[in-house]
Structure formats: C-alpha cells, structure tokens
**Q** 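Shown below is the structure under consideration.
Just so we're on the same page: letters track the sequence lines, and every chain starts at 1.
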Amino acid sequence: MDEQARMMLGHIGLTGLPHEDVGDPDNIRKHHNMGQPQQDIGDILQQIMVITDESLDEAQARKHALNCHRMKPALFSVLCEIKERTALSIRGIQEEDGPDPQIMRLDNMLLAEGVAGPERAGASAAAAVVAAAAGGSPSEGGSVDHSEYKEKLAQIRRMYHAELEKYQQACNEFTDHVMNLLREQSRTRPISPKEIERMVGIIHRKFSTIQMQLKQSTCEAVMILRSRFLDARRKRRNFSKQAAEVLNTYFYSHLANPYPSEEAKEDLARKCSITVSQVANWFGNKRIRYKRNVAKLQEEANRYAVKTAVDAASVSSQASQANSPATPNSGGYPAQCYTPDGRL
DNA sequence: CCCGATGATTTTAT
DNA sequence: ATAAAATCATCGGG
C-alpha cells in the first residue's frame with residue numbers, strides 16, 4: 001500500500017513540485033536570492049528526492065533528521081514560494097465533478113431490482129416488480145415460481161454487498177493512508193488542506209469507477225436472472241378454445257375497427273378468464289397478423305392474376321388489341337380491410 | 001424433431 | 001401514451 005500511495009502521489013503531481021524546479025539548486029537561487037552555499041540546499045533536496053525510495057523505517061529516521069535540519073525553515077519558505085508560482089497551473093485543473101448519469105442509472109436499476117437498499121424490503125420490492133412484470137398472472141401460482149428466482153437474487157445481493165463493502169473499506173484505508181502521508185509531508189513542504197481534499201476526491205473517483213464496474217456486472221447478472229425466470233414468454237400457455245372463440249368473434253364482428261375500448265377489453269377479459277393486458281396483447285397480435293395475412297394473400301392473388309392475364313394475352317396474341325384492363329390487382333376478395341378508415 | 005401458430009416482450013414511430 | 005412492427009420463446013401437431 002505504501003508503494004501505491006507513493007506512486008499515486010508521483011503520478012498525479014500533487015506534490016506541486018515539478019522535479020525540474022526542485023532538483024536544480026540554481027533555479028531555487030533564482031527564485032530566492034540568498035547566498036547560502038548551495039551544497040546545503042542541494043543536500044537536503046537530494047535527501048527529499050531519495051526519501052520516497054526508501055523503506056518506511058529508513059524514511060522515518062531520515063525525515064526526523066530533515067525536520068531538525070537547520071536549513072529546514074528556509075527551505076520550507078522556498079518551497080512555499082515555488083509553489084505559489086506553480087499554483088496557477090494546478091488551479092487550471094477543473095474539478096468537474098458531476099453526479100455521473102451512468103452510475104445514477106445503475107444505482108436506480110439496482111434499487112428497483114431490490115439488490116441495493118434494505119435487506120428484507122428489497123425482497124418485497126423485487127416481488128412487486130415481478131408481479132408487475134408478469135402483468136398480473138390470471139390465476140397462476142405466482143410466488144411458487146419465484147422462489148428460486150428470489151433465492152438467486154438474494155445470492156447476487158449478498159455478493160454485491162460483500163464486494164461493495166470490500167471496496168469501501170479499501171477506499172477508506174487507502175484514503176486514510178494518503179491523508180496521513182500528506183499530513184506528514186506537510187511538515188516539510190506546503191500542502192494546503194484544500195489540496196488534501198482534492199486528493200481525496202481523486203481517490204474517491206478512482207474507486208467509484210471500480211464500484212461502477214461492480215454495479216455494472218451486478219446489473220448484468222440481475223438482467224440475465226430476470227430473463228431466465230421472469231420472462232413470461234418462457235411459460236406461456238395458449239388460451240382455451242372458447243377464449244379464442246370469444247376473442248375471434250369480437251375481432252371479426254368489429255373488423256372495421258378492431259380496437260376494443262377499455263370497457264370492452266375488461267368485458268372480454270372477464271369472459272375469457274384472462275387479464276386486460278392479455279386481451280390487449282391478443283388484439284395487438286391479431287391486428288398485425290390479420291393484416292399481414294391479408295397483404296400476403298392479396299399479393300399472392302395478384303401474382304396469379306398477373307400470370308393468368310399474361311398467359312391469356314400470349315395465347316390470344318393474334319388478337320389486335322388486348323381488351324383486358326391490364327390491372328388485375330384489386331383482389332377485392334378480403335376487401336374488409338380495417339386499415340383505411342381513420343382510427344381515432 | 002421440424003415448423004407454423006401463438007402469446008409476450010421489445011423496439012419504433014406518431 | 002398508444003399502436004404497429006419486429007422479435008422472442010414456447011406450444012402443439014405432423
């Protein structure tokens with residue numbers, strides 16, 4: 001972890017001390033016009049530079065030595081000045097910390113699915129979702145089918161929470177460590193609380209991207225589980241013969257406008273022992289499939305009409321003028337098409 | 001086991 | 001919000 005912390009500090013440049021500036025004593029003298037022997041400053045700087053490469057115990061001793069060095073206050077002020085000059089470029093980095101729509105989306109989904117949120121309440125919420133998704137089973141034993149689903153969902157939730165806690169803990173640990181490190185270092189170089197805060201923000205963002213991956217994969221797992229157990233297509237049963245009879249009767253007697261009102265749908269649902277949404281599904285399917293069939297059959301009729309017309313024409317080729325209208329379409333056979341009329 | 005029928009869901013357009 | 005269209009997944013007969 002120490003190694004990581006050091007690397008992170010180095011990468012992010014939170015030190016605020018570009019190496020070129022620090023490593024060059026002449027540069028410092030330019031900034032700070034003091035006639036000290038550059039040997040001293042160079043020595044101190046050298047120690048600072050190597051200190052991060054040492055083990056913690058070793059570094060502890062060195063740090064102590066540095067802190068007691070007679071040049072320390074002067075160096076500190078030099079560092080302050082250098083930092084002041086470089087501060088502008090650091091300020092240039094925009095914080096830009098939005099609520100992140102991606103993670104919000106995932107959070108909402110997990111919450112809705114009952115993976116996140118309270119322990120038991122989550123299960124009931126999920127059950128509610130299940131019931132809603134099923135569109136209200138007619139009389140099917142609902143909870144029986146969902147026991148396995150709920151079990152697996154709980155399993156996912158446990159895993160999710162365990163991982164989340166692990167990440168949280170690691171994040172806190174790491175943050176603490178970095179903050180301690182920065183506080184420690186603030187004795188020898190200028191680090192404002194605001195910068196520490198910024199560092200914490202950076203760390204949290206890093207960890208939150210990891211968290212997002214966790215949430216992403218959890219969402220994926222839940223969706224797979226959902227489709228595996230909850231998709232009503234997987235346990236569909238055909239309606240009874242008489243139900244089909246009732247529905248077809250209504251459809252064909254309202255062929256001009258086969259859009260039953262809400263009331264009519266309720267009536268049909270009652271007669272067929274199915275739900276209103278099932279009635280709506282049925283009519284949706286029926287309309288499109290009837291239309292498709294009509295279109296298909298009509299096209300077929302047209303094809304054959306064309307063919308017979310062509311045949312007839314070629315047979316009676318000696319005839320001076322073809323008297324046929326040459327428009328063999330208009331297969332008015334299933335003329336009862338509901339589409340042309342306005343529906344609304 | 002193949003294939004069309006069929007109920008349900010998802011996507012698209014208005 | 002609603003319906004059409006596309007698609008999915010199962011059923012049921014050959």
**Q** Without decimals, in angstroms, what is the distance between A:K286 NZ and C:dA3 C1'?
**A** 18 Å
**Q** Take the protein atom CZ of A:R289 and the nucleotide atom P of C:dA3, then report the distance between them rounded to whole Å.
**A** 17 Å
**Q** Select from A:F283 and A:R292 the residue whose nearest nucleotide in DNA chain C is closer to the 5' end of that strand.
**A** A:F283
**Q** How close or far is atom P of B:dG7 from atom CG of A:N248, stated in whole angstroms?
**A**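 Going from A:N248 (CG) to B:dG7 (P), I get 9 Å.
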**Q** Send over the distance from A:L247 CG to B:dG7 P, rounded to a whole Å.
**A** 8 Å
**Q** Write down the distance between NZ (A:K241) and P (B:dG7), rounded to a whole number of angstrom.
**A**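 After rounding, the reported distance stands at 10 Å.
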**Q** Take atom OH of A:Y259 and atom P of B:dT14, then tell me their distance rounded to the nearest Å.
**A** 15 Å
**Q** Parallel, tilted or perpendicular: which one describes the rings of A:Y252 and A:Y290, with boundaries at 30° and 60°?
**A**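 Rings of A:Y252 and A:Y290: perpendicular, over 60°.
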**Q** When you check the gap from the basic side-chain N to the acidic O, do A:E299 and A:K296 get nearer than 4.0 Å?
**A** no
**Q** When you check the side-chain N and O atoms of A:S192 and A:E195, is any donor under 3.5 Å from an acceptor?
**A** yes
**Q** Please report, rounded to the nearest Å, how far the P atom of B:dT11 is from the CG atom of A:N281.
**A**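 These atoms are roughly 16 Å apart.
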**Q** Side-chain N or O of A:N285 versus OP1/OP2 of B:dT6: is the shortest distance under 4.0 Å?
**A**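 Indeed not, no polar side-chain atom of A:N285 lies that close.
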**Q** Supply the atom-to-atom distance A:E197 CD to A:I202 CD1, rounded to the nearest 0.5 angstrom.
**A** 11.5 Å
**Q** What is the separation between atom OH on A:Y290 and atom C1' on C:dA3, rounded to the nearest whole Å?
**A** 18 Å
**Q** Both A:R236 and A:D231 contact DNA chain B. Which one's nearest nucleotide lies toward the 5' end?
**A**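 Its nearest nucleotide lies further toward 5', so the answer is A:R236.
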**Q** Within the pair A:Q278 and B:dG7, is there a side-chain N or O less than 4.0 Å away from OP1 or OP2?
**A** no
**Q** Taking only side-chain N and O atoms of A:K291, does any of them lie within less than 4.0 angstrom of OP1 or OP2 on C:dA5?
**A**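 Affirmative; the distance criterion is met.
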**Q** Does a nitrogen or oxygen in the side chain of A:R234 sit under 4.0 Å from OP1 or OP2 of C:dC8?
**A**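 No.
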**Q** Among B:dT6, C:dA3, C:dA5, which nucleotide sits nearest the side chain of A:I288?
**A** C:dA5
**Q** Describe, in one word, how the ring planes of A:F174 and A:F207 are oriented to each other, choosing from parallel (under 30°), tilted (30 to 60°) and perpendicular (over 60°).
**A** tilted
